[in-house]
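Here's the structure we're looking at; comments come further down.
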Amino acid sequence: FKLNEKQRTAVLERGRDVVVTAGAGSGKTSTLVALTASLLAEGVTPRQAAAITFTKKAAREMRSRVRGKLIELQEAASTEEERQIWTDLSARMDSARIGTIHSLCSEILRAHPAEAGIDPRFEMLDESLAAALRIQAVEDTLQLLVQEERFLPLLENISTSSLSVLLKDLLNRRLEADEFFQVQVDNCQRLARE
């Protein structure tokens, strides 16, 4: 596999998850291909392996390179039994979990919809549609705020453009924001201190 020392360490690591991060062209895919092939050589089935990439293109590239390496190993096999093992593994590579984090999460959620509390027929939004829906949610929220009298003091002190930026930021960081909104604040005591 022509790996450097750090790559070899990642490939031979067992008993825990391995994350490979590095710059473009540094050999991440080669390392993951070698890791996958070595796991398969040890008896791990393609279905038991998981390799997560950021893009669909990278996932296709990785699957193709793993399959190519298995074919190389098949051709280099010294016995018919060994050749058959690599042939069988290569034929089963479509069952390997090689994909994006979104595809892995989607697979898990579809397999366990009741536990996740979701409809198993859910659809994933593409990034551009999700961004458009976030913008629409902010605009709809601003329209509701303007219509309710109780929010007038807020709108008198914060411009709608600033409020729009704040709402977009809260929406983009909604998990963190939710934690902050769960904190109970004694407003009377806080106001008295201020």
Side-chain angles (χ1 to χ4, degrees), residues 6 10 13 15-29 31-32 35-36 47-64 95-194:
K6 286 185 178 183
E13 184 65 50
R16 60 185 182 165
D17 297 333
V18 175
V19 176
V20 177
T21 59
S26 60
K28 294 182 299 292
T29 303
T31 303
L32 292 173
L35 173 59
T36 303
R47 189 71 180 147
Q48 292 172 312
I52 309 305
T53 65
F54 287 104
T55 66
K56 291 177 184 177
K57 179 182 176 187
R60 284 190 302 271
E61 169 73 11
M62 174 133 42
R63 184 181 303 277
S64 173
S95 69
R97 289 182 169 106
I98 298 175
T100 64
I101 188 70
H102 295 92
S103 67
L104 177 64
C105 291
S106 176
E107 181 182 335
I108 292 168
L109 290 172
R110 287 189 199 289
H112 305 283
E115 293 89 339
I118 61 168
D119 183 339
R121 297 169 296 177
F122 72 89
E123 292 183 31
M124 288 181 26
L125 297 177
D126 68 26
E127 193 58 37
S128 60
L129 180 56
L133 289 173
R134 283 194 294 273
I135 290 168
Q136 185 64 49
V138 168
E139 289 175 5
D140 291 349
T141 301
L142 285 173
Q143 285 180 359
L144 289 173
L145 291 177
V146 170
Q147 294 172 5
E148 291 198 33
E149 192 172 316
R150 65 188 175 125
F151 292 113
L152 289 179
L154 174 69
L155 296 170
E156 289 172 0
N157 291 296
I158 301 176
S159 70
T160 53
S161 61
S162 295
L163 196 51
S164 177
V165 169
L166 176 63
L167 289 172
K168 286 176 189 171
D169 191 42
L170 284 172
L171 190 55
N172 289 331
R173 299 172 62 192
R174 60 192 167 278
L175 296 177
E176 295 170 47
D178 186 51
E179 289 178 28
F180 290 117
F181 286 123
Q182 298 303 322
V183 174
Q184 297 296 319
V185 177
D186 183 349
N187 285 325
C188 292
Q189 199 170 16
R190 194 183 105 235
L191 287 172
R193 277 195 314 267
E194 291 179 11

Would you call V19 and D17 a side-chain contact if the rule is heavy atoms closer than 4.5 Å? no
Test: R47 and E107 ion pair at under 4.0 Å: yes
Can you tell me how far the CG atom of L125 sits from the NE2 atom of H102, to the nearest 0.5 Å? 10.0 Å
For the residue pair A51 and M62, what are the closest heavy atoms and their distance? CB-CE, 3.8 Å
Between A137 and L171, what is the shortest heavy-atom contact and its length? CB-CD2, 4.3 Å
Using modelled atom types and a 3.5 Å cut-off, is there a donor and acceptor pairing between side-chain atoms of R97 and backbone atoms of L104? no
K168 side chain vs I135 backbone, donor-acceptor pair below 3.5 Å: no
For E148, check salt bridge (Lys or Arg N to Asp or Glu O under 4.0 Å) against everything at least two apart and list the hits. R150
Exam field: side chain K28 to backbone A22, donor-acceptor pair closer than 3.5 Å: yes
Report the distance from atom CG of L129 to atom CZ of R134, rounding to the nearest 0.5 Å. 10.0 Å
Reported CG-to-OG distance for the pair L166 and S161, which is rounded to 0.5 angstrom: 11.5 Å
Measuring from L32:CG to T53:OG1, what's the distance to the nearest 0.5 Å? 9.5 Å
If we ignore hydrogens and angles and just use 3.5 Å, is the side chain of D169 paired with the main-chain N or O of V165 as donor and acceptor? no
Interatomic spacing from CZ in R110 to CG in D119 - rounded to 0.5 Å: 9.0 Å
Using only atom types and a distance under 3.5 Å, with no angle test, would you say the side chain of S164 pairs donor to acceptor with the backbone of T160? no
Any chance CD of E123 has more than 12 other-residue heavy atoms, nucleotides or ligands included, within less than 6.0 Å? no
Keeping R60 on the side-chain end and T55 on the backbone end, is there a donor-acceptor pair under 3.5 Å? no
Closest heavy-atom pair, V146 versus L152, reported as atoms and distance to 0.1 Å, is O-CD2, 4.5 Å
Distance col, row M124:CE vs L109:CG, nearest 0.5 angstrom, shows 9.5 Å
Which one of V138, T141, L154 satisfies the side-chain contact (heavy atoms from CB on, under 4.5 Å) criterion with L163? L154
